[in-house]
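For the single chain, residues carry numbers from 1 onward in sequence order.
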Amino acid sequence: MRHYVMAALLAPSLVWADATEDLLSRLQQLDSLKGGFEQMVLDKGGTHMQQAEGTFQVARGNRFYWSTTSPFSQLAVSDGETVWVYDEDLEQVVIRPLSQDLGETPALLFSGKPADVAAAFSIAEQDRNGAEVTYRLTPKGQDPLFDQLDVSFQGDQPQSMRLQDALGQKTIIDFRDLTLNKGIDAALFRFAPPEGTDIIQQ
């Protein structure tokens, strides 16, 4: 009886460890990633609120280039220390330090240190179907921007991210036409505002 009780007590922690190690192993293989995305925002009842699409590139060192092309043009760029958010229609760029808090910046999931992901989230396997697996990440920190994040992989390739906040609003990001580990010019992750752009420093 004592053996079975101990096995029952250990089982949850073993499952947690396996899911964490499995996800970190996949993230460790991603030095860079680029492709397209489609993003949809739904309210708690499932009503469609927003939709957008564009392209992105991320690289190790918390660097990213996230370009929304529809329904409006907006660009978010980071060199790992600074973030530039440029709104072409408003001719305005907001410049601020990059938060290292993964609970505030989900884009860092693919560009930061995998060990930081384990420190920031509790990780569990949510679903597995053949080569497709979904992990559920629950932030450990206080006052995160979202309550849970589901990230799906098809083999070693990221497939989607789904975030849900405290009000039940869901953001769904599906990736397409991905290229892994082909190298990205570091100059891409610096942004020079066009002449005449209003600059807001935060």
*Asks:* Which atom pair, heavy atoms only, marks the closest approach of A118 to T20?
*Replies:*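 Closest approach of A118 to T20: CB-CG2, 4.0 Å.
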*Asks:* Could you give the distance from CE (M161) to CZ (F146), rounded to the nearest 0.5 Å?
*Replies:*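 That separation rounds to 7.0 Å.
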*Asks:* Decide whether S73 and E88 meet the rule of one side-chain donor and one side-chain acceptor closer than 3.5 Å.
*Replies:*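 Yes, E88 and S73 have a side-chain donor paired with an acceptor closer than 3.5 Å.
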*Asks:* Could you tell me which non-hydrogen atom of L109 sits nearest to which non-hydrogen atom of L137, and how far apart they are?
*Replies:*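 Shortest heavy-atom separation between L109 and L137 comes out as CD1-CD2, 3.8 Å.
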*Asks:* Kindly determine whether D174 and R162 satisfy side chain to side chain contact (heavy atoms under 4.5 Å, CB included), including the steps that lead there.
*Replies:* CA-CA 9 Å; D174 291 323; R162 283 159 168 72; 3.4 Å; yes
*Asks:* Walk me through whether K140 and S122 qualify under side chain to side chain contact (heavy atoms under 4.5 Å, CB included).
*Replies:* CA-CA 7 Å; K140 296 178 181 178; S122 297; 3.8 Å; yes
*Asks:* Is there a side-chain contact between V133 and D127 (heavy atoms, below 4.5 Å)?
*Replies:*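 V133 does not reach D127 side chain to side chain.
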*Asks:* Output the distance between atom CD (E91) and atom CG (D198), rounded to the nearest 0.5 Å.
*Replies:*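 Separation between the atoms: 7.5 Å.
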*Asks:* Could you go step by step and tell me if M40 and H48 meet the side chain to side chain contact (heavy atoms under 4.5 Å, CB included) rule?
*Replies:* CA-CA 7 Å; M40 184 184 304; H48 182 278; 3.5 Å; yes
*Asks:* Taking everything shown except E81 itself, do over 12 heavy atoms lie less than 6.0 Å from its CD?
*Replies:*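 At most 12 heavy atoms, drawn from other residues, nucleotides or ligands, come within 6.0 Å of this atom.
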*Asks:* Which heavy atom in S32 sits nearest to a heavy atom in G183, and how many Å separate them?
*Replies:*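 S32 and G183 have their closest heavy atoms at OG-N, 3.5 Å.
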*Asks:* Which value, rounded to the nearest 0.5 Å, describes the distance between Q169 atom CD and Q50 atom CD?
*Replies:*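 Those atoms lie 7.0 Å apart.
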*Asks:* Taking a hydrophobic cluster as the set of Ile, Leu, Val, Met, Phe, Trp and Tyr residues connected by side-chain heavy atoms closer than 4.5 Å, whether directly or through intermediates, do Y65 and L180 fall within one such cluster?
*Replies:*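 No; tracing contacts between hydrophobic side chains, which count when under 4.5 Å, never links both residues.
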*Asks:* Should L98 and V58 be counted in the same cluster of Ile, Leu, Val, Met, Phe, Trp and Tyr side chains packed under 4.5 Å apart?
*Replies:*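 L98 clusters together with V58.
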*Asks:* Side-chain contact, heavy-atom cut-off 4.5 Å: V151 with L149?
*Replies:*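 They are in side-chain contact.
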*Asks:* Hey, are the side chains of F121 and T138 touching, using non-hydrogen atoms and a 4.5 Å cut-off?
*Replies:*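 In short, these two side chains do not touch, never coming nearer than 4.5 Å.
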*Asks:* Between R190 (side chain only) and S78 (backbone N and O only), is there a donor and an acceptor less than 3.5 Å apart?
*Replies:*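 No: the side chain of R190 does not pair with the backbone of S78.
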*Asks:* Going only through I, L, V, M, F, W and Y residues with side-chain contacts under 4.5 Å, is there a path from V83 to I199?
*Replies:*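 Hydrophobic grouping puts V83 apart from I199.
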*Asks:* L24 and P114: which non-hydrogen atoms are nearest, and at how many Å?
*Replies:*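 Closest approach of L24 to P114, heavy atoms only: CD2-O, 3.2 Å.
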*Asks:* Within the distance-only criterion (no hydrogens, no angle test), does the side chain of T69 pair as donor or acceptor with the backbone N or O of E53 below 3.5 angstrom?
*Replies:*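 Side chain of T69 to backbone of E53, a donor-acceptor pair under 3.5 Å: yes, one is there.
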*Asks:* Is Q159 close to E132 at the side-chain level, that is, under 4.5 Å between some pair of heavy atoms?
*Replies:*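 Of all side-chain heavy-atom pairs linking Q159 with E132, at least one is under 4.5 Å.
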*Asks:* Is it true that V85 and W66 fall in one hydrophobic cluster, defined by side-chain heavy atoms closer than 4.5 Å?
*Replies:*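 Looking at the clustering, W66 is in the same group as V85.
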*Asks:* Which heavy atom of L27 sits nearest to which heavy atom of R60, and what is that distance?
*Replies:*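 Where L27 meets R60 most closely, the heavy atoms are O-NH2, 3.0 Å.
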*Asks:* Taking atom OH of Y135 and atom CZ of R128, what is their separation to the nearest 0.5 Å?
*Replies:*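 Interatomic distance, Y135 OH to R128 CZ, rounded to 0.5 Å: 5.5 Å.
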*Asks:* Looking at every heavy atom in both P158 and L30, which two are closest together, and how far apart are they?
*Replies:*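 Answer, listing the atom of P158 first, then L30: CG-CD1, 3.9 Å.
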*Asks:* Is there side-chain contact between I123 and V117, with at least one heavy-atom pair below 4.5 Å?
*Replies:*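 In contact.
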*Asks:* Could you tell me if the ring centre of F64 sits under 6.0 Å from that of F110?
*Replies:*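 For F64 and F110, the ring centres are not under 6.0 Å apart.
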*Asks:* Can you tell if the side chain of Y86 reaches within under 4.5 Å of the side chain of P194, non-hydrogen atoms only?
*Replies:*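 With C-beta onward as the side chain, the pair touches.
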*Asks:* Does D79 pair with R63 as a salt bridge, N-O distance under 4.0 Å?
*Replies:*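 Salt bridge flag = no for R63 with D79.
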*Asks:* Does some side-chain heavy atom of D22 sit less than 4.5 Å from a side-chain heavy atom of F153?
*Replies:*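 Sidechains of D22 and F153: no contact.
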*Asks:* Going by heavy atoms in the side chains, are V94 and W84 under 4.5 Å from each other?
*Replies:*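 Answer no - side chains too far apart.
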*Asks:* Do F37 and F189 belong to the same hydrophobic cluster, where Ile, Leu, Val, Met, Phe, Trp and Tyr are linked whenever their side-chain heavy atoms lie under 4.5 Å apart, directly or via other members?
*Replies:*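 No, it is not one cluster - the side chains of F37 and F189 are not joined through contacts under 4.5 Å.
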*Asks:* Output yes when a side-chain donor or acceptor of N181 lies under 3.5 Å from a complementary backbone atom of Q29, and no otherwise.
*Replies:*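 Side chain of N181 to backbone of Q29, a donor-acceptor pair under 3.5 Å: yes, one is there.
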*Asks:* After noting the C-alpha distance and the side-chain angles of L188 and Q57, does the key distance pass the side chain to side chain contact (heavy atoms under 4.5 Å, CB included) rule?
*Replies:* CA-CA 9 Å; L188 181 71; Q57 302 190 49; 3.5 Å; yes
*Asks:* Measure the NZ-CG distance between K182 and D31 for me, rounded to the nearest 0.5 Å.
*Replies:*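 Rounded to the nearest 0.5 Å, the NZ-CG separation comes out at 12.5 Å.
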*Asks:* In Å, rounded to the nearest 0.5 Å, how long is the span from OG of S111 to CD1 of I184?
*Replies:*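 With rounding to 0.5 Å, OG (S111) is 10.0 Å from CD1 (I184).
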